[in-house]
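As structure tokens, the structure follows; a few thoughts come after it.
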Amino acid sequence: MDTFLQQPLTARMATSGPTVRPVWFLWEDGAFWVLTGPWARLFDRVKDDPKVALVVDECDIATGRVQQVIARGRAELVPFDVPRGRRKLSRYLGADETVWDERFVHYLYDDPGERGTMWLRLAPTSLTATDLSYCVE
């Protein structure tokens, strides 16, 4: 499961409403870390009701590889830290920050207190990994 979650896949997070949105994440220290802040609806949704579900999946019809991880629990909003932010963004954008879109660079170099950048941390109370892969002839 850890190897699967180290890939730069997009997860879908469900919040009360219900609302489902795609998110980039970092799987680290037994938790999913998602960058958010007051500019995002996710931030307000989690403040109002911290119960969330998250799905990371992959389906490759050419190889028959079908894998999924489903997590549930209570998310918490925690202070942003730059080293973790760099690890998360570089897994999706590459290590060379000079080629990143400007808005992603700002997450690392703007004052998180001024901007309101936070982490949504989900340490799942329920975590299920399923391999539904099949053989391709």
Side-chain angles (χ1 to χ4, degrees):
M1 181 176 62
D2 286 335
T3 301
F4 175 71
L5 292 174
Q6 295 304 320
Q7 299 176 84
L9 300 170
T10 300
R12 279 154 307 284
M13 179 169 282
T15 59
S16 64
T19 302
V20 177
R21 59 191 33 87
V23 295
W24 286 353
F25 68 92
L26 180 66
W27 170 250
E28 191 172 86
D29 301 328
F32 291 92
W33 299 82
V34 176
L35 200 144
T36 192
W39 63 87
R41 293 188 64 185
L42 179 61
F43 180 82
D44 290 328
R45 293 249 185 216
V46 169
K47 280 175 55 177
D48 293 342
D49 184 353
K51 293 180 296 213
V52 299
L54 181 135
V55 175
V56 182
D57 61 355
E58 174 183 51
C59 179
D60 185 340
I61 59 173
T63 65
R65 183 177 164 157
V66 180
Q67 296 182 319
Q68 66 183 19
V69 171
I70 301 172
R72 291 181 180 85
R74 296 177 71 82
E76 62 178 323
L77 296 168
V78 298
F80 179 78
D81 64 285
V82 172
R84 181 169 283 138
R86 184 170 282 115
R87 289 191 299 276
K88 181 211 173 229
L89 291 171
S90 65
R91 74 185 237 125
Y92 290 95
L93 302 169
D96 185 358
E97 293 175 26
T98 64
V99 299
W100 292 6
D101 183 285
E102 180 178 306
R103 63 190 156 152
F104 298 113
V105 174
H106 285 293
Y107 288 123
L108 299 182
Y109 295 102
D110 289 356
D111 179 358
E114 185 176 304
R115 185 178 177 136
T117 306
M118 301 283 290
W119 285 115
L120 179 152
R121 179 180 177 272
L122 171 60
T125 55
S126 169
L127 186 63
T128 306
T130 307
D131 187 336
L132 302 168
S133 299
Y134 56 91
C135 293
V136 176
E137 300 279 330

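Considering every non-hydrogen atom in both L108 and G85, the closest pair reads CD2-C, 3.7 Å. Taking both residues in full, the closest heavy atoms of G116 and P38 are given as O-CD, 3.1 Å, listed atom of the first, atom of the second, then distance. V136 approaches G64 most closely through the heavy-atom pair CG2-N, 3.4 Å.
Residue I70 is not grouped with residue L9 when hydrophobic side chains (ILVMFWY) are merged at heavy-atom distances under 4.5 angstrom, including chains of intermediate members. The hydrophobic cluster containing I61 does not contain F4, counting ILVMFWY residues as joined when their side-chain heavy atoms lie under 4.5 angstrom apart, directly or transitively. Both V105 and F80 belong to a common hydrophobic cluster when Ile, Leu, Val, Met, Phe, Trp and Tyr are linked at side-chain heavy-atom distances under 4.5 angstrom. In the hydrophobic clustering of ILVMFWY residues, with side-chain heavy atoms under 4.5 Å counting as a link, L35 and V82 come out together. Under the 4.5 Å side-chain heavy-atom criterion for Ile, Leu, Val, Met, Phe, Trp and Tyr, W27 and V55 are members of distinct hydrophobic clusters.
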Practice task
Mind running side chain to side chain donor-acceptor pair (under 3.5 Å) on T125 and R74 for me, showing each step along the way?
Solution key: CA-CA 8 Å; T125 55; R74 296 177 71 82; over 6 Å; no
Exercise for the section: Please lay out, stage by stage, how W39 and T117 fare under the test side chain to side chain contact (heavy atoms under 4.5 Å, CB included). Expected result: CA-CA 9 Å; W39 63 87; T117 306; 3.7 Å; yes
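At least one side-chain heavy atom of V56 sits under 4.5 Å from a side-chain heavy atom of L5. Put simply, the side chain of P79 does not reach to within 4.5 Å of the side chain of W119, judged on heavy atoms. Under the 4.5 Å side-chain criterion, counting only non-hydrogen atoms from C-beta, R12 is not in contact with L54. Taking 4.5 Å as the limit, some side-chain heavy atom of L42 sits within range of a side-chain heavy atom of L120. Looking at heavy atoms from C-beta onward, K88 lies out of side-chain contact with E28 at the 4.5 angstrom threshold. Looking at Q68 and L132, their side chains come closer than 4.5 Å, going by heavy atoms from C-beta outward.
D29 places no side-chain N or O within 3.5 Å of a backbone atom of A31 that could act as its donor or acceptor partner. Here the side chain of Q6 pairs no donor or acceptor atom with the backbone of T3 at under 3.5 angstrom. Panel note: side chain S133, backbone V66; a donor-acceptor pair is recorded below 3.5 Å. When atom types are taken as modelled, the side chain of R91 and the backbone of L26 share no donor-acceptor pair closer than 3.5 angstrom. Panel note: side chain W24, backbone A11; no donor-acceptor pair is recorded below 3.5 Å.
Taking the salt bridge (charged side-chain N to carboxylate O under 4.0 Å, His left out) definition, one finds that R72 meets it with nothing, sequence neighbours left out.
With rounding to the nearest 0.5 Å, the separation of CZ in R41 from CG in D48 is 10.5 Å. Annotation: the span from T19 atom OG1 to R45 atom CZ amounts to 3.0 Å, rounded to 0.5 Å. Rounding to the nearest 0.5 Å places OG1 of T36 at 9.5 Å from CE of M13. Between K47 atom NZ and M118 atom CE the span is 9.0 Å, to the nearest 0.5 Å.
Annotation: cation-pi geometry not satisfied between R65 and Y134 (NZ/CZ under 6.0 angstrom from ring centroid, within 45° of ring axis). Relative to the six-membered ring of Y107, R115 meets both conditions, a distance below 6.0 Å and an angle of at most 45° to the axis.
Salt bridge R84/D81: present, at least one basic N to carboxylate O contact under 4.0 Å. Ion pairing between a basic and an acidic side chain is recognised when a charged N comes within 4.0 Å of a carboxylate O; R86 and E97 show such pairing.
Exactly one residue among V46, L127, V52 makes a side chain to side chain contact (heavy atoms under 4.5 Å, CB included) with L122. That residue is V52.
For R21, the CZ atom counts as densely surrounded, since its 6.0 Å shell holds more than 12 non-hydrogen atoms of other residues, nucleotides or ligands.
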